[in-house]
Amino acid sequence: MVALSKLQRKLFRDLLAGKAQFGAVVVIIILGVAAFVAIYGSYQNLYLSYSDLYERMNMADYWISADALPSRAVREMDQISGVEAQGRIIGDVSIDLEVEGGQKVEGRVISLPAGVHPEINDVVIETGDYISPGANREILLERSFADFHKFEQGDWLTIEQGGRKIPLKVMGAVSSPEYLWVTKNFQELIPSPKTFGILFMPVAQAEGLFNMKGVVNDVNLVIREDVDEEEVLMQVEEILRRYGIKRVSYPNEPVPIGIRKIDVVQGVRTAHIVDREYMPSHHLLKQDLDGFKQMSVMFPLLFLSLAALAIYVLLNRLIESQRVQIGLMRALGYSKMKVLWHYISFGLALGLLGSISGALLGHILAGLYTNFYIGFLRIPYAVTEPQWTAILIGFLMGTLVPLFAGVLPAWSTARMRPAEAMRPPVPAAAHRTLLEILLPFMAKLPFVLKIPLRNVFRNPRRSLFMATGVMSATAMILLCMSFVDMMDWINETQIEQIQSYDAKVIFQGFGSEGTARRIEQFQGVDEAEAILELPYRIKLGDEVRDSAIRGMKPGSSMYHLLDPDGIPVPLTDDGLLLPLPLQEQLEAETGDTLFLEPLIGSVGETTTHVAGIVSEPMGARAYMPLEQVQDLIKMPGAATGVLLNFTGQSSPELLERINNLPQVASIEFGSSLIDYMDDMMGFFWAFVGIMLVMSFALGFAIIFNGVTVNVLERRREIAIMRAVGMRNRQLGLIITLENLLIALLGIAVGLPAGYYLADYFMQQNSTDMMSMPMVLHLESYFIAAGCSIVILLISQLPAIRRVTTMSLPTVTKDWSE
């Protein structure tokens, strides 16, 4: 057994004597370290989970889209050194769900080899079996679509393509690395499994369905890490040219529309090559991971900075209260460095205890958080191993921050001379506080008001420390409330104010505006409005963004456009209405000239100007009048869908009648967005709940420390007040009023600090899929302030109880006490 030195025994005794205050500091360190390890550990677990699935399924590095390529072209690509190549057929169909009342939804067919798993972009069999050998009419369904529609192995599903209806046998449900986040494209990032599904079909069946015998329209490439990708792509382009592809485009090298027009006139065939970064599913998952990474830094820094402040104040108080002991240690021969290290050891001990506990708690939370998120996204393989990098960084931060925080007050001990240290400090000279100078009538106030007011300004450093704790609690609680208010705003704005239609009919490609007028005549339909939505590239100067333009009827009663202040914005012929995220990315202002270039086809190039800014939470499309968009593409009367409002509830017969129209691909109900938001809410509320618990714990720990230090530094003063006859109730009232005055100062700073913290967080975490506006209702400010006051009132109870029960002779017998 290792014997402890005298200074080490003194260290443990001092820590035990102040276990409440030092314990509160340890709690703050635990919260900071746990927040970092949990969030950053979750980020690493999720990254590894995605990477593990990509590796297991051999996810492609590049996707090549073309109208048609012979299979031998794919074999030639596969023969390039360091390259694996695989050809597939991808096409869109309608899915006729007769068993569900005649609903028809959109489907995307992806071909797979029968009887054997593909070499690239493999699938994970969740339920059922893989496609059997031969040209059987079998399919596999993406898991979320299968689960939503309750398809099981052995069920039959009917698809429609080119006027033919084809029944297919469901063999099972699968997960695909390409569709961890199921999305159609960058313009429709949040399709519902109710209206969109991924179907995996044997190659032979897909060839017959799309009349593509011996050819493919999608090629997947996997490139070995030690191979020069640029050289590989040059060889791939050469192979494409040999098979009639005269032009190859990339997402970061858009082909100007003028060249596309020439290509159309000359009949030039083109191909588009996309790398993994431009895959919609991977792109969205990466944005989510980036948000995790930012949070893993922001919150721990706040917690640990407050822990550093608390340690600084506590050690200052401890050193001041132990002046005689310090002088005695120096007189007994302890060197300056030994005394210095002794007091630095307080910060080190607290840091070690908090870091070890916080790292363990963070590791547990990281596993829970990872499993919860992976369950939400239905990722088949989860990695929840200990993230030693996150644990080590969290441990070092939690240890070094309090260690350095203790250096400054401990350094002052090394400069004390023994004789000076053993003398009581010279009492501060009496003077009027700033408040007494500004408010001369204070002298006439009752002592229960005068004493608290005077004490607030008598020791500004002590008051500032406690106000900082209140400020931190207020800011963190207000940040949590901003999440709640944001979700309320999204539900209210997107679902109740902007999107007021009951359903959206989606056409197969281009349809007719007349279909809307026809549907409006159906019994049970109250109103119908045609829309035309097209993918577009929008340019302003050197800034370029790919988005979509929706043409709508001006004065639409089913889709209302609002500016950032919630004021309705009319559609006019004067220009384009830009969404807020796109406006910020382009740095556009009302009146700026924009260049519009269609992403598909060669017709529709034009210039226009920004007519206004619209704000909507979901999506980032621009808006123009319907006729103006039709004129752009030289297709009068064209539409890609219809917005509907029903008279009461829609009947199965009405839906079947709409579905049977030739142009209709699917019907997407407005409630599908509500369903999506409900799915998201479980994950969201878990995050907000953890944040609130940590905010309350942080507030309690820092305020408890501030109140306790405030009271203990004035034990002699309070004992004298008790000795002259002041009752405990009056004493408690004075302490409470003083704390409330300091709390009001902290709240006054904490509310704007919380606002700017929330605003920063929302800006950093807004994505292409969802705009996260900074919304704070008035009641949220009152809730944050009220919670901070409640935390303060609870935190001060132990300190008040201590001073009202302490022994007067013990406190007053020695000045140093």
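Every value quoted in this text rests on a predicted model; they were computed, and no experiment measured them.
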Flag side-chain contact, heavy atom, 4.5 Å: Thr640 against Ile506:
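In short, these two side chains do not touch, never coming nearer than 4.5 Å.
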Side chains of Val123 and Phe200 in contact at under 4.5 Å (non-hydrogen atoms):
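They are in contact (side-chain heavy atoms under 4.5 Å apart), so the answer is yes.
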[X] and [Y]: which non-hydrogen atoms are nearest, and at how many Å?
X      : Y      : answer
Leu562 : Val569 : C-CG2, 3.8 Å
Gly551 : Val629 : CA-CG2, 3.6 Å
Trp63  : Arg276 : CZ3-CA, 3.8 Å
Leu199 : Gly107 : CD1-CA, 4.2 Å
Leu112 : Pro118 : CD2-CG, 3.7 Å

Quick one: does [X]'s side chain have a donor or acceptor within less than 3.5 Å of a partner on [Y]'s backbone?
X      : Y      : answer
Asp155 : Phe151 : no
Arg164 : Leu209 : yes
Gln583 : Ile613 : no
Asn217 : Ser65  : no
Ser556 : Glu529 : no
Asn220 : Ile120 : no

Around Glu527, counting heavy atoms of other residues, nucleotides and ligands shown, do more than 12 lie under 6.0 Å from its CD?
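Enclosed: over 12 neighbouring heavy atoms sit under 6.0 Å from CD of Glu527.
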Is the Phe145 ring parallel, tilted or perpendicular to the His149 ring (thresholds 30°, 60°)?
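Phe145 and His149: tilted rings.
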Pair [X]-[Y], side-chain donor/acceptor within less than 3.5 Å:
X      : Y      : answer
Gln161 : Ser94  : no
Gln153 : Asp129 : yes
Ser144 : Glu142 : yes
Glu138 : Gln205 : no

Show the numbers, then the answer: is there a side-chain contact (heavy atoms from CB on, under 4.5 Å) between Val216 and Ile90?
CA-CA 8 Å; Val216 298; Ile90 297 180; over 6 Å; no
[X]: salt bridge (charged side-chain N to carboxylate O under 4.0 Å, His left out) partners, not counting sequence neighbours:
X      : answer
Asp574 : none
Arg550 : Glu533
Glu178 : Arg88

